[in-house]
Enquirer: 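Please find one structure pasted underneath; my questions will follow.
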2 protein chains.
Amino acid sequence: MNSFDMKALQREILLGFWKVHVLHHASERPVIGQWMIQELRRHGYDVSPGTIYPLLARMEERGWLKCTTDPDGGLRARKEYSMTRKGQEVLDLLRKQAEELYREVVLGEDEKETE
Amino acid sequence: MNSFDMKALQREILLGFWKVHVLHHASERPVIGQWMIQELRRHGYDVSPGTIYPLLARMEERGWLKCTTDPDGGLRARKEYSMTRKGQEVLDLLRKQAEELYREVVLGEDEKETE
DNA sequence: CCAAGTTATTACGATTATCATAATCGGATA
DNA sequence: TATCCGATTATGATAATCGTAATAACTTGG
C-alpha cells in the first residue's frame, strides 16, 4: 500500500482536517464521539477514543461547541455536541483557509499577493 | 477582533494546513525554515522557530523531504528542503483530502456514500 | 431475572508535538 | 573589529495524541 508512515500523517495533518469536518457537521446537527469514530472508520481511518473524546471536550472548553446530555442518563450517557456562536466564527475562518488550501495545492493557483 | 482563542486554533488545526502548503511548495522549489516563518507572518500568523524547525526536521526524518546544505556553510548554514518520492505520495493523499474537505465544508456537497 | 452483548464515555500512563525564548553561528556592513 | 542580519539550534515547559483497559447503562434472549 502506502510507503509512508500513515500514523504520523494522521497525527500531524489529517486529524486537523477531521476537526474541521466535526465543526461543519456540528453546525448542521449535533455530533457525538462514537459517530465520529465510526465515520472515520468507514473512511478507512482508525482513531482511538483517547484522541476523539478529549478533542471534543477541548472544543467545548474553548466554547466552540456546547454539550448536552440526558440528565437522567447516568455517568456515561451519550453527549451531543452542537455549534456555538464562537464555534461558528472558528468554522468561518477555517472555511476560508480550506478554500485557500484547495485553490493553491489542488487547483495550483498562485497565492494572491498582499500589496 | 476574533472572539476565540487563535493560539489554540493555530495549534490544533491551522498548523496542519500549513504543513500541506509546505509540502506543496517543496514540490515546486526548495523550502527553508526562515521563508516559512516570514510567509506565515505575511499572512498575519505568528509561529515560532521552535515549531517550524522541528517540523521540517520531522518531515525529513520521515522521508517526506530531503535536506541539502552548503557543506562549507558551517554549523548553522541554511537548509533547503525539497520533495522526495515518499513526500509526493503524502502530498497526493493530502490533495485528495483537501479536495474532500473543500467540497464538503465550503461547497456544502454531501459526502459520497461507500456502498 | 440474569448473563451476555452493545453502545458509549472515561481513565490513565506513555509518547510526541508545540511553544516561547535565548543562544549561537557566519556573513555582510560600516 | 564591532555590530547587525539571516538563519538555525537548544531547552524546558506545556499541551495533544495514542492505545488500552475500565466503566456504565441499555437491550436482548433464555
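Order of the sequence lines fixes the chain letters, A, B, ..., with proteins taken first and strands second; residue numbering starts at 1 for each chain. Just so it is clear, the values below take in all heavy atoms, side chains as well, and ignore hydrogens, waters and symmetry mates.
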Enquirer: Can you tell me if Q97(A) and Y102(A) form a side-chain donor-acceptor pair at under 3.5 Å?
Expert: no
Enquirer: Side chain of Q34(B) only, please: which of dT8(D), dA24(D), dC25(C) is the nearest?
Expert: dT8(D)
Enquirer: Using heavy-atom distances to pick each residue's nearest nucleotide on DNA chain D, tell me which of W35(B) and P54(B) is more 5'.
Expert: W35(B)
Enquirer: What integer distance in Å separates M59(B):CE from dT18(C):P?
Expert: 9 Å
Enquirer: Any chance you could lay out the side-chain contact (heavy atoms from CB on, under 4.5 Å) test for Y81(A) and E60(A), step after step, and finish with the verdict?
Expert: CA-CA 8 Å; Y81(A) 291 92; E60(A) 189 193 5; 4.0 Å; yes
Enquirer: What nucleotide among dT21(C), dT18(C), dT20(D) has an atom nearest to a side-chain atom of S48(A)?
Expert: dT20(D)
Enquirer: Measure CD/Q10(B) against C1'/dA16(D) and give the value in whole Å, please.
Expert: 16 Å
Enquirer: Please report, rounded to the nearest Å, how far the C1' atom of dA17(C) is from the CZ atom of R62(B).
Expert: 9 Å
Enquirer: When you get a sec, tell me which of dT14(D), dC18(D), dA24(D) is the closest nucleotide to the side chain of R11(B)?
Expert: dT14(D)
Enquirer: Counting the atoms with a prime plus P, OP1 and OP2 as sugar-phosphate, which does L55(A) contact under 4.0 Å by heavy atoms, base, sugar-phosphate, or nothing?
Expert: nothing
Enquirer: What is the distance, rounded to the nearest whole Å, between atom CD of E80(A) and atom P of dT7(C)?
Expert: 17 Å
Enquirer: Between L40(B) (CG) and dC19(C) (P), how many Å, whole number?
Expert: 11 Å
Enquirer: Please determine, for the side chain of R76(A), which listed nucleotide (dC18(D), dA24(D), dT17(D)) has the closest atom?
Expert: dA24(D)
Enquirer: Take the protein atom CG of D5(A) and the nucleotide atom C1' of dT16(C), then report the distance between them rounded to whole Å.
Expert: 12 Å
Enquirer: On the 0 to 90° scale, with breaks at 30° and 60°, tag the F17(A)-F17(B) ring pair as parallel, tilted or perpendicular.
Expert: perpendicular
Enquirer: Both L75(A) and I32(B) contact DNA chain D. Which one's nearest nucleotide lies toward the 5' end?
Expert: I32(B)
Enquirer: Rounded to the nearest Å, what distance is computed from the CG atom of residue D70(B) to the C1' atom of nucleotide dG27(C)?
Expert: 12 Å
Enquirer: Will you find, in the side chains of T69(A) and E80(A), an N or O donor that is under 3.5 Å from an N or O acceptor?
Expert: no
Enquirer: Ignoring backbone atoms, establish whether K19(A) has a side-chain N or O less than 4.0 Å from OP1 or OP2 of dT17(D).
Expert: yes
Enquirer: Figure out the CD1/C1' separation between I37(A) and dT6(C), and round it to whole Å.
Expert: 14 Å
Enquirer: Select base, sugar-phosphate, or nothing to describe what A8(A) touches, counting heavy atoms under 4.0 Å on all strands.
Expert: nothing
